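Shown next, in structure tokens, is the structure this report addresses.
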Amino acid sequence: MSLPQLGRLCLLAHPPRGILGLTLLLLPLLLPFWAGAHCPCQDPALCQPITDHPDFEVFVFHVGNKTWKFYDWSQITTVVIFGKYDPELMCYAHSHGARVVLKGDAPIMDITDPTFRASWIAQKVKLAKIQYMDGINIDIEQDVNCLSTEYYALTTLVKETADSFHREIEGSQVTFDVSWSPKSKNRCYNYTGIADACDFLFVMSYDERSLALSECIAAANAPYKETLTGYDDYIKIGINPKKLVMGIPWYGYDYTCLNLMEDSAGYFHQVWYDNPQSISLKAAYIQKHGLRGIGMWHANCLDYSGDALAKQQTEEMWKVLKPKL
């Protein structure tokens, strides 16, 4: 079969239509030493770091714009900023007890240098303090050979980053993004060492289609069996389930069939995506095996336009994240 052409799409019910002076007081006894008159929040107390650690994580990736105003903040525990920093978002998240953390990335070859690591970490800690943030999500998705210099350096980077953030910012959180399976041939990471070094791992259980594993034809982005096998494998190598947050895709793929022609442009399509039903099946594994929580790439993908159908579908996608008691 010829390989299909595909396009990535977010789960929108309709095409996107466009997303929708108080003098600050110095509170030196209440705020961290780096806070003060520069706090962007109307209530300066909101510039204090979040120190509570919830029993269940709802880990949200945000890539920009103001859609965050429509998120279900009754559930969110952490927001990772992959887009432009928004002080209004930070203030709002803190008002709901949710952490706001940086994205951290670096060339894998550079982190073998201790001087580079120290400088990189110092810059990230300084930025987090200036922006009143609560930690960092390390997203280094690069190939590493087993037992190589980079293999050991990556683990060291995570440990040094966690030690520094935990020392400098009270209650801060350091996490690391990993592939859907620890058996990745190209990303040979010290998964157990990294898990021990940081607060938890965010498992990117999506984009599981790969020519390295099978013929890459139209199919599920995050198939049920393969997804859960990945978590079984992480637990088998000795990682505590409480160190694992399940990542789910809030986007899908539109495959254009190459050998069939039918739509207005003359093509058949296959569209694969997760919906509340498929997510609920995966979420059941979280409770059964005691995982740390759930999260998604990425929260902006839903339709927050206010359309009645879109509103219903969006609410269902958020609702399914709640652990069933």
Side-chain angles (χ1 to χ4, degrees), residues 31-36 38-40 47-51 53 57 59 61-62 78-87 90 93-94 99-179 182 184 186-204 239-240 243-245 292:
L31 298 178
F33 68 87
W34 63 87
H38 299 297
C39 175
C47 283
Q48 296 185 76
I50 301 297
T51 57
H53 294 277
E57 278 282 345
F59 199 78
F61 286 88
H62 175 76
T78 300
V79 180
V80 187
I81 304 300
F82 264 55
K84 183 179 179 181
Y85 172 72
D86 184 345
M90 180 277 295
H94 280 188
R99 286 181 170 82
V100 180
V101 302
L102 297 166
K103 170 194 175 183
D105 188 13
I108 197 71
M109 296 299 295
D110 290 347
I111 67 172
T112 59
D113 180 357
T115 302
F116 174 87
R117 290 199 306 270
S119 175
W120 184 88
I121 294 168
Q123 290 174 10
K124 295 302 182 185
V125 170
K126 181 179 180 180
L127 182 60
K129 288 182 175 181
I130 291 173
Q131 297 182 159
Y132 308 99
M133 300 176 81
D134 309 283
I136 187 170
N137 170 250
I138 302 175
D139 183 64
I140 297 179
E141 301 181 40
Q142 300 169 47
D143 293 350
V144 172
N145 294 323
C146 293
L147 306 181
S148 62
T149 302
E150 294 78 16
Y151 172 92
Y152 293 106
L154 183 58
T155 309
T156 301
L157 174 73
V158 176
K159 185 179 188 309
E160 292 174 347
T161 302
D163 289 345
S164 184
F165 267 86
H166 291 161
R167 181 176 61 252
E168 297 290 335
I169 301 177
E170 182 184 3
S172 58
Q173 177 192 92
V174 176
T175 57
F176 188 86
D177 298 336
V178 296
S179 178
S184 172
N186 296 324
R187 295 181 190 172
C188 184
Y189 298 170
N190 178 11
Y191 292 107
T192 56
I194 291 172
D196 289 341
C198 67
D199 291 294
F200 57 84
L201 305 178
F202 178 81
V203 185
M204 299 179 289
I239 295 179
N240 187 327
K243 287 272 189 170
L244 299 172
V245 168
R292 180 69 167 262

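The model shown is predicted, which means the values in this text are computed figures rather than measured ones.
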Smallest heavy-atom separation, A128 atom then F165 atom, equals CB-CE2, 3.8 Å

- Task: Classify the angle between the aromatic ring planes of F61 and F59 as parallel (below 30°), tilted (30 to 60°) or perpendicular (above 60°).
- Result: perpendicular

Distance col, row R99:CZ vs Q173:CD, nearest 0.5 angstrom, shows 5.5 Å

Smallest heavy-atom separation, A162 atom then C198 atom, equals CB-CA, 4.4 Å

Closest heavy-atom pair, I81 versus M133, reported as atoms and distance to 0.1 Å, is CG1-CE, 3.9 Å

Nearest heavy-atom contact between Y132 and C39 is OH-N, 3.3 Å

Test item: M90 and C47 side chains (from C-beta on) under 4.5 Å apart, heavy atoms: yes

To the nearest 0.5 Å, atom CG of D134 lies from atom CD of Q48 at 11.0 Å

Worksheet item: Just by distance, do the side chain of T155 and the backbone of G193 share a donor-acceptor pair under 3.5 Å?
Response: no

Would you indicate whether the side-chain heavy atoms of Q142 and E150 approach each other to under 4.5 Å?
no

To the nearest 0.5 Å, atom OH of Y189 lies from atom CD1 of I194 at 7.5 Å

Between the CD atom in E57 and the OG1 atom in T78, the distance rounded to the nearest 0.5 Å is 4.0 Å

Could you check whether any side-chain heavy atom of I108 comes within less than 4.5 Å of a side-chain heavy atom of L154, counting everything from C-beta outward? yes

Taking every heavy atom of I111 against every heavy atom of A153, the minimum-distance pair comes out as O-CB, 3.6 Å

*Taking the side chain as C-beta and beyond, is there a heavy-atom pair between T192 and N190 under 4.5 Å?*
yes

Original post:
Between E160 and S164, is any pair of side-chain heavy atoms under 4.5 Å apart?
Top reply: no

Taking the side chain as everything from C-beta on, heavy atoms only, tell me whether V100 gets closer than 4.5 Å to I50.
no

Rounded to the nearest 0.5 Å, the CG atom of L157 sits from the CZ atom of F116 at a distance of 8.0 Å

dist F82:CZ -> L102:CG (nearest 0.5 Å) comes out at 10.5 Å

Check: A122 main-chain N/O paired with E168 side-chain donor or acceptor under 3.5 Å:
no

Short question: side chain of D199, backbone of T175 - any donor-acceptor pair under 3.5 Å?
no

Next on the checklist: For the backbone of K243 and the side chain of R292, can you confirm whether one donor and one acceptor N or O come within less than 3.5 Å of each other?
Outcome noted: no

Worksheet entry | Any donor-acceptor pair under 3.5 Å from Y85 side chain to Q131 backbone | yes

Tested for side chain to side chain contact (heavy atoms under 4.5 Å, CB included) against I136, the lone hit among L127, V80, T161 is T161

* Asked: Quick check: does any side chain N or O of Y151 sit under 3.5 Å from a backbone N or O of C188, one acting as donor and the other as acceptor?
  -> no

By side chain to side chain contact (heavy atoms under 4.5 Å, CB included), Y152 pairs with (sequence neighbours left out) L147

Looking only at heavy atoms, the pair that brings A106 and W120 closest together is CB-NE1, 3.7 Å

